[in-house]
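For clarity, every value in this text was computed on a predicted model and none was experimentally measured.
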Amino acid sequence: VQLQASGGGLVQAGGSLRLSCAASGGAFSSYGVGWFRQAAGKEREFVARLTYTGIALYADSVKGRFTISRDNAAKTVYLQMNSLKPEDTAVYYCAARDAVTERASREWNWWGQGTLVTVSS
């Protein structure tokens with residue numbers, strides 16, 4: 001499975017962006033999908049995930065502002081980011097995992113390359 005993230009860019013505080021992550025190969029509709037981010041000098045952190053059963057979970061820092069969704073026909077997962085803040089500036093990564101891995105661990109099978117989001121104040 002290969003994941004290709006896109007949609008990053010420069011936006012002013014309070015603005016919006018939508019990230020996309022297109023998957024190739026695999027049984028995408030049966031995978032859990034997620035978004036993570038890594039700011040400069042910091043560790044990668046969880047942002048949001050959508051389980052293979054359709055349950056969405058969010059980090060407290062983005063709850064109410066970000067929405068994760070998926071289009072199984074297009075094999076794409078999205079992250080709609082609203083009310084962006086300068087502290088949301090980071091490289092955003094998408095990830096996917098099969099159902100077995102999702103039930104058994106916190107690991108992720110596949111990662112996409114990052115897409116940079118910069119929020120100016």
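For Thr101, the side-chain hydrogen bond (donor to acceptor under 3.5 Å, both in side chains) partners are Asp98, Asn109, not counting sequence neighbours.
Residues Trp35 and Val11 share a hydrophobic cluster, clusters being chains of Ile/Leu/Val/Met/Phe/Trp/Tyr side chains in contact below 4.5 Å. If you chain together hydrophobic residues whose side chains sit under 4.5 Å apart, Val62 and Leu19 fall into the same group.
Side-chain contact between Tyr52 and Ser30: absent, with no pair of heavy atoms (C-beta onward) separated by less than 4.5 Å.
With a 6.0 Å cutoff to the six-membered ring centre and a 45° limit on the axis angle, Arg97 does not count as a cation-pi contact of Trp111. Seen from the ring of Phe46, Arg37 does not count as a face-on cation partner, given the 6.0 Å and 45° thresholds.
In Gln2, the CD atom is not crowded: 12 or fewer heavy atoms of neighbouring residues, nucleotides or ligands sit closer than 6.0 Å.
Ring geometry, Phe36 versus Trp108: the interplanar angle exceeds 60°, so the pair is classed perpendicular (tilted spans 30 to 60°). Ring geometry for Phe66 against Tyr92 counts as tilted: the plane angle lies between 30° and 60°, on a 0 to 90° scale.
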Practice task
Kindly indicate, with the supporting measurements, whether the criterion side chain to side chain contact (heavy atoms under 4.5 Å, CB included) is fulfilled by Val117 and Met81.
Solution key: CA-CA 10 Å; Val117 172; Met81 306 185 295; 3.8 Å; yes
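From Leu79, atom CG reaches atom OG1 of Thr67 across 8.0 Å, with rounding to the nearest 0.5 Å. Annotation: the span from Leu3 atom CG to Tyr31 atom OH amounts to 9.5 Å, rounded to 0.5 Å. Residue Lys63 holds its NZ atom at 12.5 Å from CZ of Arg65, rounded to the nearest 0.5 Å.
Using modelled atom types and a 3.5 Å distance limit, the side chains of Thr76 and Asp71 yield no donor-acceptor pair.
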